[in-house]
Every structure is written in C-alpha cells, then in structure tokens.
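Treat the numbers as computed from the prediction; the structure is a model and nothing was measured. Letters A, B, ... mirror the listed sequences (proteins, then strands); counts begin at 1.
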There are 2 protein chains.
Amino acid sequence: MIHDPLEDLPGYALRRVSAAVMAKLAEGLSRLDLRPAESTVLLVIGANPGVTQSEVGRLLGIASANMAPLVARLADRGLIVREAVDGRSQGLTLSDGGRRITVKTRSVVDELESDLLARIPAVERAAFLKVLFALARDQDD
Amino acid sequence: MIHDPLEDLPGYALRRVSAAVMAKLAEGLSRLDLRPAESTVLLVIGANPGVTQSEVGRLLGIASANMAPLVARLADRGLIVREAVDGRSQGLTLSDGGRRITVKTRSVVDELESDLLARIPAVERAAFLKVLFALARDQDD
DNA sequence: TATTGTTATACTCTATAACTATA
DNA sequence: TATAGTTATAGAGTATAACAATA
C-alpha cells in the first residue's frame, strides 16, 4: 500500500474538497451554459440590482481585468443589462432572461449545498460551519 | 452596503478559503520554482520511493494525461529519476537534488499548515478537522 | 482486454502590464 | 491622483480524445 504524506494536512484537504465541490457545480451548471464564476456574478447582481462591475469584483475577489470579459459575455447573451451610472461606472441589472436563468442557477447551487450539508454529521455541523465561515471572512481580501 | 447572497453557502466558503490557501502556497513555492501540483508529487514520491506515475496520479486525483508533462518537467530538472519497473511502468525516486528541494517544500507546506491551524479556535479545532478530513476521504475518487 | 504512459488540444480561473476615460 | 473599465497575454490546473506499447 502506498503512503499518503498529505492525509493530515488541512490545507490540502480543503483543496481536494473544494475541487470536488467545484467539479460538481460545473457539471450542474453546464446545462445552463454557465461557468461557476458567471453563476456567482449573476447571483450577486440579482441580489443587488444596479450594482457596479467593480463592486461585484471586489465582493467575489475577481480582478477587474477578469471581470470585463465575464460581464461582456453575460451582456452579449442578453442576461444582464448595463446602464451608465456616471461617466465611468455602469450599473448591472438582470434582464428577464437573466432572472430566469438565475432562478435555475440558484436551484443548482442550493441542491449542491444541501448535499454538502447532509454529509456533515449533525454533531459537528455547527462548529464546522462556524470555523469555515470565519476563515472565509478573514481572508476576504 | 452591498448584499452578499453567497455568505451562507459552505461550498462557496470552501472555494474561497481554498483559493486563498493555494495562493499563499504558490507564492511560497515560487522561490523553489515549483508549482503546487509539482510539490505534492515530490512529497508523494519522497514518501514512496519507487512509486509508479499512475499510482501518484490516482492518489492525488491527477489524470494520467496531466501527470505526463508534470513528471517530465521534474525529470528534466533532475529532481526525480525514472527507472523501468516492467515494460510499461516506471518507478519514480527522488534524486539528491530532489530530496533537498523536497525538504524545503515540506517546510513551506508545514509553515502554511501551521498558520492555517493557528487561525482555527482551539474549541472547534477537533470537530472542524474531523469533518474536513472525512469530507476529503469521502470524495477521494 | 485492461493498463501505462504519451501527445495534442481546449477550457476555466487567475495574474500582470499597459492603456483610456472619468471622478 | 485615484478609480472604472478594457485589452492582451501568460500561467496553472484540469478535461477529453486518440494513440502506442505492454500486461
């Protein structure tokens, strides 16, 4: 049998669990022709109509250089609408089609999150989530 | 203030924490001219001299098509040695230089893992790690 | 037939540099 | 000066398909 020198490393475990969750998410979103990053952008715009592209990027930790083509693709597909706020900022809003696909996105995400929660024993669930969210908030750059 | 519709989603929190840890790892390994995936391969070979490329890939969840160039680069740099086991398998072993860089790799990894552990309150630490490792083992594909 | 290893290729996310236009 | 947005480009990880050689 082969020895795994990484089995006791929480950082590596985080990486593997995250990768598995992301793979399932990508698969679930594929029938909507959405990528994971696009799905989070849609969810943020849906919850914050008129939000700015740079605000979305800051919230999600996506650099502005990477937001540009991402938002452009969503606009090209007619899922979001860009309206000038001032000379350099554009408020983002979901179109009707964008709202429809965002509802479906949320159901894909919710099912995945439920599956994940179900795999966490009830006894440790509260402690696990508390630590996880604290870690996520701390390095919210 | 902008509302974050993802702040209660454990899957998304996993993704953000993992991304932050990976970014720090990549930065720490850059002075060794190693990528994260390469560092894990070195650690596994170091702990299992003579291990096969396909065994390493299975353990780490790296497809064989992606293992090939990764191992080739490590061999080209003289960090690992490939010896034929049978006609189609090659046993992988660290060279002297490979052992030296693997020791440094381990210290980079260990420091990062210590930092991560230190950010987990002692009260919840055991429960958090138990769940995390269980999740990682479950989807060990 | 199944497995090992390889090549080619494409996709997704991320990172940096350089730039325009506006506040 | 600082910020919003864009373009170009590169790096890293991962995925599939197709293949040769071997068990």
Side-chain angles (χ1 to χ4, degrees), chain A residues 2 12 14-30 32-41 50-76 80 82-92 139 141, chain B residues 2 12 14-30 32-41 50-76 80 82-92 139 141:
Chain A
I2 184 174
Y12 183 71
L14 276 169
R15 174 177 164 190
R16 292 299 297 270
V17 176
S18 168
V21 170
M22 290 299 294
K24 281 186 201 160
L25 177 62
E27 190 194 345
L29 291 173
S30 65
L32 303 178
D33 191 20
L34 281 181
R35 299 177 279 213
E38 293 172 337
S39 74
T40 61
V41 167
V51 72
T52 278
Q53 179 170 326
S54 53
E55 290 173 320
V56 176
R58 265 191 299 274
L59 185 68
L60 297 176
I62 302 177
S64 64
N66 299 321
M67 283 295 295
L70 200 164
V71 165
R73 182 169 179 259
L74 295 176
D76 287 348
I80 64 175
R82 293 190 266 200
E83 283 174 308
V85 168
D86 59 24
R88 62 181 177 182
S89 299
Q90 295 167 342
L92 305 178
Q139 56 219 335
D141 332 303
Chain B
I2 183 175
Y12 182 71
L14 276 168
R15 175 176 163 191
R16 292 298 297 270
V17 176
S18 168
V21 171
M22 289 300 293
K24 280 187 202 161
L25 177 63
E27 190 195 345
L29 290 173
S30 64
L32 302 177
D33 190 20
L34 281 181
R35 300 177 279 213
E38 292 171 338
S39 74
T40 61
V41 167
V51 71
T52 279
Q53 180 172 326
S54 53
E55 290 173 321
V56 176
R58 267 191 298 274
L59 185 69
L60 298 176
I62 302 177
S64 63
N66 300 321
M67 283 295 294
L70 199 164
V71 165
R73 181 167 180 261
L74 295 176
D76 287 349
I80 64 176
R82 292 190 266 200
E83 282 174 308
V85 168
D86 59 25
R88 63 179 177 184
S89 300
Q90 294 166 345
L92 305 178
Q139 56 218 338
D141 330 300

(request) Using atom CE of B/M67 as one end and atom C1' of D/dA15 as the other, report the distance to the nearest whole Å. (result) 16 Å
(request) Check whether any side-chain heavy atom of B/Q53 sits under 4.5 Å from a side-chain heavy atom of B/S64, and report yes or no. (result) no
(request) Hey, which sits more toward the 5' end of DNA chain D by its nearest nucleotide, A/A19 or A/T52? (result) A/T52
(message) Counting primed atoms plus P, OP1 and OP2 as sugar-phosphate and everything else as base, spell out the protein contacts along nucleotides 16-23 of chain C at 4.0 Å heavy-atom distance: B, S or - for each nucleotide, 5' to 3'.
(response) BB----BS
(request) Could you please name the option among D/dG13, C/dT14, D/dT14 that lies closest to any side-chain atom of A/I62? (result) C/dT14
(message) Salt bridge or not between B/E55 and B/R58? Use side-chain N to carboxylate O under 4.0 Å.
(response) no
(request) On DNA chain D, check which nucleotide each of A/Q53 and B/E38 is closest to and give me the residue with the more 5' one. (result) A/Q53
(request) Quickly work out the B/R73 CZ to D/dG13 P distance and round it to whole Å. (result) 10 Å
(request) Take atom CD of B/Q90 and atom P of D/dT22, then tell me their distance rounded to the nearest Å. (result) 12 Å
(request) Could you say whether B/A72 or A/P36 is positioned toward the 5' end of DNA chain C, judged by the nucleotide with the nearest heavy atom to each? (result) B/A72
(request) Send over the distance from A/M22 CE to C/dT14 C1', rounded to a whole Å. (result) 12 Å
(message) D/dG5, OP1 or OP2 - any side-chain N/O from A/S54 closer than 4.0 Å?
(response) yes
(message) In the structure I gave you, are the side-chain heavy atoms of B/Q90 and B/V85 within less than 4.5 Å of one another anywhere?
(response) no
(request) Evaluate the side-chain proximity of A/Y12 to A/V17: yes if any heavy-atom separation is below 4.5 Å, no if none is. (result) no
(request) Between D/dT6, C/dT7, D/dG13, spot the one nearest the side chain of A/A68, thanks. (result) D/dT6
(request) Provide, to the nearest angstrom, the distance between the CG atom belonging to B/L25 and the C1' atom belonging to D/dA12. (result) 12 Å
(message) Rounded to whole Å, please give me the gap between CD in A/E55 and P in D/dT3.
(response) 14 Å
(message) In this structure, how many angstroms lie between the C1' atom of C/dG5 and the CD atom of B/E83, rounded?
(response) 17 Å
(request) Using a heavy-atom cut-off of under 4.0 Å over every strand shown, decide if A/R82 touches base, sugar-phosphate, or nothing. (result) sugar-phosphate
(request) In whole angstrom, give the distance that lies between atom CG of B/L74 and atom P of D/dA12. (result) 13 Å
(message) I'd like to know whether B/E27 forms a salt bridge (charged side-chain N to carboxylate O under 4.0 Å, His left out) with B/K24, so could you lay out the CA-CA distance, the side-chain angles of the two residues, the decisive distance to 0.1 Å, and finally the verdict.
(response) CA-CA 5 Å; B/E27 190 195 345; B/K24 280 187 202 161; over 6 Å; no
(message) Suppose the criterion is salt bridge (Lys or Arg N to Asp or Glu O under 4.0 Å): which pairs have a residue in residues 62-72 of chain A, not counting sequence neighbours?
(response) none
(request) Could you check if a side-chain atom of B/R82 sits within less than 4.5 angstrom of a side-chain atom of B/V71, using non-hydrogen atoms only? (result) yes
(message) I want to verify a distance call: between C/dT6, D/dG5, C/dT4, whose nearest atom is closest to the B/R58 side chain?
(response) C/dT4
